[in-house]
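Data first, discussion second: the structure below is written as structure tokens.
Start at 1 with the first residue, then count along the sequence.
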Amino acid sequence: MAATNPGGAMAAEIDAEVQNFKDIQAQLQSVRNDLQTVLGQLTENEMVQQELEVLDGSTNVYKMVGPVLIKNSLEDAKETVSKRLEFITSEKDRLEGRAKELETKGGEIATKVQQMQAALQQATAAAVQEVAKQAA
């Protein structure tokens, strides 16, 4: 009996898609970790901005440059924090978009794998019935 095994080819395709799914999940986890970091930075900078809003113009503000504290104007500090918040917010939006894209892609691959597994099971059942008929 020199017939090829279509089940083996189908199983190999399923394995390749499962590996693809695992890769997507690893990327998604990395994006989620990055998003967690960015959200922490966003919260921290929002708190700094709130604290700067409470201060009046006569308050001394310092910024750390390396190991040294340097006097900074209140307006300059507010502007720096505002720009930092803009950057962090855009990075957060980018990461959220990437996470949603990966989730969608992962869902599509999972559905495809399920369909491929169902087709493999049907092909296996048909092959078993064919062998049973030939043996009878």
CG of Leu52 to CG of Leu74: how many Å apart, nearest 0.5 Å? 6.0 Å
Ignoring hydrogens and geometry, is there a side-chain-to-backbone donor-acceptor pair from Asn45 to Gln41 under 3.5 Å? yes
As an exercise, state the distance from OG of Ser90 to CG of Leu95, rounded to the nearest 0.5 Å. 9.5 Å
Determine whether more than 12 heavy atoms belonging to other residues, nucleotides or ligands lie under 6.0 Å from atom CD of Glu101. yes
Could you grab the distance from atom CD1 of Ile109 to atom OG1 of Thr104, nearest 0.5 Å is fine? 11.0 Å
Quick one: pull up OG in Ser73 and NZ in Lys63 and give me the separation to the nearest 0.5 Å. 9.0 Å
Tell me which one of Glu96, Arg98, Arg94 satisfies side-chain contact (heavy atoms from CB on, under 4.5 Å) with Val31. Arg98
Might you point out which heavy atoms bring Met116 and Met10 nearest each other, and give the distance in Å? O-CE, 4.3 Å
With a 3.5 Å cut-off and no angle check, do the side chains of Asp56 and Thr59 form a donor-acceptor pair? yes
Applying salt bridge (Lys or Arg N to Asp or Glu O under 4.0 Å), which residue pairs with at least one partner in residues 26-38 are found, sequence neighbours left out? Arg32-Glu103
Using only heavy-atom distances, determine whether the side chains of Gln19 and Asp15 contain a donor-acceptor pair under 3.5 Å. no
Please check if the number of heavy atoms outside Lys78 that lie under 6.0 Å from its NZ is greater than 12. yes
Checking Gln29 against Asn33: is there a side-chain donor and acceptor pair closer than 3.5 Å? yes
Which distance, rounded to the nearest 0.5 Å, do you find between the OG1 of Thr89 and the CG of Asp93? 6.5 Å
Quick one: CD on Gln49 to OG1 on Thr80, what's the gap to the nearest 0.5 Å? 11.5 Å
Determine, using the 4.5 Å side-chain heavy-atom cutoff (strictly less than), whether Leu55 and Tyr62 are members of one ILVMFWY cluster. no
Of the non-hydrogen atoms in Leu28 and Ala99, which two are nearest, and what is the gap between them? CD1-O, 3.6 Å
Members sharing Val65's hydrophobic cluster (side chains within less than 4.5 Å): Val68, Ile70
Tell me, which pairs form a salt bridge (Lys or Arg N to Asp or Glu O under 4.0 Å) where one or both residues lie in residues 111-129, sequence neighbours left out? Glu17-Lys112
Carefully, step by step, assess Lys71 and Asn60 under the rule side-chain contact (heavy atoms from CB on, under 4.5 Å). CA-CA 7 Å; Lys71 193 170 186 175; Asn60 290 329; 3.2 Å; yes
side-chain contact (heavy atoms from CB on, under 4.5 Å) test vs Ser82 passes for just one of Glu79, Arg84, Glu86, namely Glu86
Shortest non-hydrogen contact from Ala110 to Phe21? CB-CE1, 4.0 Å
Could you report the tightest heavy-atom contact between Ile24 and Leu102, atom names first, then the distance? CG2-O, 3.5 Å
Cluster link Phe87 to Leu42, ILVMFWY, side chain under 4.5 Å: yes
